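Reviewing the structure listed below.
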Amino acid sequence: MEFQAPRGTTDVLPNDQRYWRYVENTASQVAESFGYRRIDTPVFEDTNLYIRSIGDSTDIVEKETYTFSDRGGDSLTLRPEGTASVCRAYMQHGMHNMPQPVRLFYLCPNFRYERPQAGRFRAFHQFGIEAFGESDPYIDAEVIEVSWRFLTSVGIDDISLRINSIGDSNCRPKYVDALQTYYQNYSQSLCPDCVRRLETNPLRLLDCKMESCQPVIQSAPKSTEYLCPPCNAHWVQLQEYLETTGIGYEIDNTLVRGLDYYSRTVYEITPPTERRTNVIAGGGRYDGLLEQLGGPTTPGIGFGMGIERVIENIRRLEINIASNPKLSIMFAHIGEGAKKEAISLSSQIRRLGKEAFVGPSRGLRSQMRYASHMNSSHVIIIGDDELSTGLYTLRDLSKGDQTEITADGILNFVKTHDIGQKVD
RNA sequence: GUGAGCGUGGCCAAGUCGGUUAAGGCGCCAGGUUGUGGCCCUGGAGAUCGAGGGUUCGAAUCCCUUCGCUCACCCCA
């Protein structure tokens with residue numbers, strides 16, 4: 001085989017489509033039930049949008065973007081995450097003039113040049129929401145609740161929520177200082193990665209997985225102990241509101257996130273397994289981001305959720321996805337005249353909005369077998385006898401019985417048997 | 001970028017201390033039922049054994065190279 005799907009990409013075959021429909025439909029319903037409205041943005045944006053938002057020293061921007069020049073010489077980048085685009089759209093369309101908060105959700109593909117592995121792809125899909133213009137922590141709890149309700153609605157309920165607050169531009173620098181000072185004392189016992197992190201990204205010291213670094217992490221200063229009064233009030237209220245929604249949570253002071261724009265609230269939702277790649281959803285607050293992108297000072301918060309990872313968990317839990325059987329008619333035909341009648345009648349049925357198609361030009365036995373494998377609900381058999389009498393054979397594949405029926409009778413049958421009819 | 005495992009018809013796969021025509025199952029096609037599916041029976045098509053090179057009288061099997069897939073690290077959804 002000369003061609004295959006590029007590394008890190010997958011084909012969603014017909015048999016798997018039901019998972020995607022199920023997830024996308026549930027996501028839309030849940031988000032809309034909270035008052036969120038769908039937004040779609042381009043798959044590529046000005047490269048600088050991502051540099052300015054995600055951060056030019058993050059792994060995503062440093063080595064994972066798909067960046068190219070178009071024929072006019074502009075540098076464009078395939079969307080690596082959803083928040084930046086939505087922020088850009090919020091500013092571009094003057095949504096700060098709309099009643100605040102503005103609640104938006106999206107379902108879209110994202111691209112990151114990474115080595116694929118379990119639950120990680122180069123082309124992947126996210127369901128996400130963003131809420132702009134509200135700094136009160138009730139909206140933090142709401143955003144968390146949307147992701148939680150979605151996952152439980154879809155049937156994944158063995159999940160756990162971890163939250164943390166990393167402060168804002170006022171108090172976080174003091175915490176980072178304290179963290180660095182603390183780590184200086186252990187510099188000789190740290191893993192090589194952590195030695196590097198100490199300089200480049202001190203917050204990430206906290207989620208090192210190396211066994212040898214765990215004791216150091218355990219007794220490290222906690223960000224929540226360094227919060228300034230406003231951040232602390234926000235943090236305390238968030239927990240109260242979360243408790244009001246009845247969602248169980250765990251405070252994880254080692255939880256930090258890989259994008260530079262987060263402030264105050266950060267959170268992750270994981271299934272019971274230990275592997276970090278199993279993080280299904282992650283998000284947080286980004287109060288300085290819009291201003292950083294040249295917009296008005298506007299608070300914002302949101303999450304991103306990996307659809308492939310959601311589906312992976314649906315499969316793991318063997319969640320039953322109901323799919324309505326529907327009316328689907330195949331025309332089996334014997335002879336050229338019968339074939340033309342099959343083409344004509346199936347076309348008329350389709351114009352009524354129902355599924356119908358012509359059987360393959362093979363023997364009747366083979367056509368019947370095809371109908372069966374195509375999950376047709378009914379077969380109409382047309383041969384010389386039927387053409388001369390005008391009475392066709394209508395066979396119900398689920399019941400296994402059949403009757404005589406006229407052409408008009410067929411059309412009437414189709415009109416009165418609607419989609420969703422139980423056929424198996 | 002680093003490390004490990006694996007690549008045999010569309011899919012799952014036996015064979016891998018080299019030896020005549022590369023098992024089997026699923027799926028596909030056909031026949032059994034001269035016009036009737038899902039079960040069953042019979043037959044058929046379909047593989048340059050990932051690719052290239054080497055060793056050998058002889059290579060799916062041994063050696064080298066290369067590509068691909070998977071998993072893990074980094075990082076993330």
Side-chain angles (χ1 to χ4, degrees), chain A residues 1-10 13 15 54-55 57-65 79-83 107-128 147 151 191-194 196-197 200-201 204 207-210 256-259 268-271 275-283 302-313 330 332-335 338 359-360 362-387 392-402 424:
Chain A
M1 195 67 65
E2 186 181 357
F3 293 111
Q4 56 183 308
R7 173 177 289 170
T9 68
T10 53
L13 300 176
N15 279 339
I54 299 169
S57 63
T58 56
D59 276 12
I60 292 179
V61 167
E62 264 185 0
K63 56 186 189 188
E64 294 177 1
T65 50
R79 170 177 51 222
E81 61 96 39
T83 300
L107 286 159
C108 62
N110 294 273
F111 307 88
R112 279 159 29 186
Y113 186 82
E114 297 184 272
R115 290 292 292 271
Q117 59 184 268
R120 174 192 294 161
F121 309 90
R122 287 185 174 181
F124 63 102
H125 299 258
Q126 281 192 336
F127 161 47
S147 51
L151 289 167
C191 69
D193 281 334
C194 280
R196 179 178 51 79
R197 289 188 187 106
T200 60
N201 201 342
R204 297 223 70 85
D207 63 358
C208 179
K209 288 142 298 286
M210 295 295 288
V256 292
R257 313 227 57 234
L259 291 73
E268 286 182 355
I269 295 179
T270 50
R275 292 188 305 177
R276 280 186 54 80
T277 54
N278 277 116
V279 172
I280 304 181
F303 71 75
M305 169 134 44
I307 294 181
E308 283 84 357
R309 292 183 184 179
V310 170
I311 291 175
E312 184 181 298
N313 280 279
M330 194 199 82
H333 51 89
I334 304 113
R362 300 195 290 255
L364 180 61
R365 174 194 175 84
S366 176
Q367 291 187 64
M368 293 300 295
R369 195 154 32 209
Y370 186 79
S372 191
H373 291 172
M374 288 291 285
N375 267 315
S376 295
S377 60
H378 299 79
V379 170
I380 288 163
I381 301 169
I382 309 177
D384 292 337
D385 295 348
E386 285 83 353
L387 279 181
Y392 306 139
T393 302
L394 170 66
R395 183 172 178 82
D396 184 322
L397 289 186
S398 56
K399 291 181 187 152
D401 56 22
Q402 57 192 43
D424 59 356

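The figures here come from the full heavy-atom set of this structure, side chains too, leaving out hydrogens, waters and symmetry mates. All chains are named by letter (A, B, ...) in the order of the sequence lines, taking the proteins before the strands, and each is independently numbered beginning at 1. As the structure is a prediction and not an experimental result, all values here were calculated from the model.
The phosphate of B:rC29 (OP1 or OP2) has no side-chain N or O of A:Ser366 nearer than 4.0 angstrom. In terms of phosphate contacts, A:Gln117 brings no side-chain nitrogen or oxygen within less than 4.0 Å of OP1 or OP2 of B:rC71.
When each of A:Arg257 and A:Lys63 is assigned the nucleotide of RNA chain B with its nearest heavy atom, A:Lys63 is the one assigned upstream, toward the 5' end. Each of A:Gly8 and A:Gly306 has a nearest nucleotide on RNA chain B; the 5'-most of these lies closest to A:Gly8.
Side-chain proximity of A:Phe124 to the nucleotides B:rA30, B:rA77, B:rC75 is greatest for B:rA77.
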Per-nt protein contacts along nucleotides 1-6 of chain B (heavy atom under 4.0 Å; B base, S backbone sugar-phosphate only, - none) come out as BBB---

At under 4.0 Å between heavy atoms, how does the protein contact nucleotides 34-48 of chain B? Give one character per nucleotide, 5' to 3', with B, S or -.
-BBBB----------

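If you take CZ of A:Phe3 and P of B:rG68, they are 14 Å apart, rounded to a whole angstrom. Between A:Leu107 atom CG and B:rA77 atom P there is a gap of 16 Å when expressed in whole angstrom units. Rounded to an integer number of Å, the gap from CG of A:Asp59 to P of B:rC74 is 11 Å. A straight line from CZ of A:Arg7 to C1' of B:rG68 spans 7 Å, rounded to a whole angstrom. Rounded to whole Å, the distance from CG on A:Leu151 to P on B:rA77 is 14 Å. Here B:rA72 presents its P atom at 9 Å from CZ of A:Arg120, a figure rounded to the nearest Å.
Between B:rC29 and B:rU20, the distance separating the two P atoms is 35 Å to the nearest Å. For the C1' atoms, the distance from B:rU42 to B:rU33 is 14 Å, rounded to whole Å. Taking the C1' atom of each, B:rA59 and B:rG52 are spaced 15 Å apart, rounded to whole Å. Atom P of B:rU8 sits at a distance of 12 Å from the matching atom of B:rU48, rounded to the whole Å. Here the separation of B:rG7 from B:rA13, taken at their C1' atoms, is 13 Å to the nearest Å. The separation of B:rC62 from B:rU56, taken at their C1' atoms, amounts to 10 Å, rounded to a whole angstrom. Straight-line distance between the C1' atoms of B:rG10 and B:rA47: roughly 12 Å, to the nearest whole Å. The gap from the P atom of B:rC49 to that of B:rG53 amounts to 12 Å, rounded to the nearest Å.
The side chain to side chain contact (heavy atoms under 4.5 Å, CB included) search around A:Asn15 returns none, not counting sequence neighbours. Scored by the ring-ring contact (aromatic ring centres under 6.0 Å, His included) test, A:Phe303 finds A:Phe127 as partners (sequence neighbours excluded). Taking A:Arg362 as the reference, A:Ser366 meet the side-chain hydrogen bond (donor to acceptor under 3.5 Å, both in side chains) condition, with sequence neighbours excluded. For A:Leu394, the side chain to side chain contact (heavy atoms under 4.5 Å, CB included) partners two or more places apart in sequence, or in a different chain, are A:His378, A:Ile380, A:Thr403, A:Ile405, A:Phe413. For A:Arg122, the side chain to side chain contact (heavy atoms under 4.5 Å, CB included) criterion is met by A:Arg7, A:Tyr66, A:Tyr113, A:Arg115, A:Pro116, not counting sequence neighbours. With sequence neighbours excluded, the residues forming a side chain to side chain contact (heavy atoms under 4.5 Å, CB included) with A:Asn110 are A:Arg79, A:Cys108, A:Phe124, A:Gln126, listed by chain and number. Residues meeting the side-chain hydrogen bond (donor to acceptor under 3.5 Å, both in side chains) test with A:Glu114, sequence neighbours left out: none. Under the rule for a side-chain hydrogen bond (donor to acceptor under 3.5 Å, both in side chains), A:Gln367 has no partner lying at least two apart in sequence or in another chain. Not counting sequence neighbours, A:Thr58 has no partner by the side-chain hydrogen bond (donor to acceptor under 3.5 Å, both in side chains) test.
Atoms CZ and CZ, from A:Arg204 and A:Arg257 in turn, are 8.5 Å apart once rounded to the nearest 0.5 Å. Remark: A:Asp385 CG to A:Thr393 OG1 distance equals 8.5 Å, nearest 0.5 Å.
Nucleic acid contact for A:Ala332: none, since no nucleic acid atom lies under 4.0 Å from a heavy atom of the residue. Backbone-only contact: A:Arg197 has heavy atoms under 4.0 Å from sugar-phosphate atoms and none from a base.
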Using Watson-Crick and G-U wobble pairs whose two distances are both under 3.5 Å, how do you write the pairing of RNA chain B as dot-bracket, with | for links to another strand?
((((((((.[[[..)...(....]]].(((((.......))))).....[[[[[..)....]]]]])))))))....

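For A:Glu114 against B:rA77, a side-chain-to-base donor-acceptor contact under 3.5 Å is present.
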Steps toward side-chain contact (heavy atoms from CB on, under 4.5 Å) verdict (A:Ile54, A:Thr83)
CA-CA 9 Å; A:Ile54 299 169; A:Thr83 300; over 6 Å; no

Take A:Ile307 and A:Leu107 through the test side-chain contact (heavy atoms from CB on, under 4.5 Å) and record every step on the way to the result.
CA-CA 9 Å; A:Ile307 294 181; A:Leu107 286 159; 3.8 Å; yes

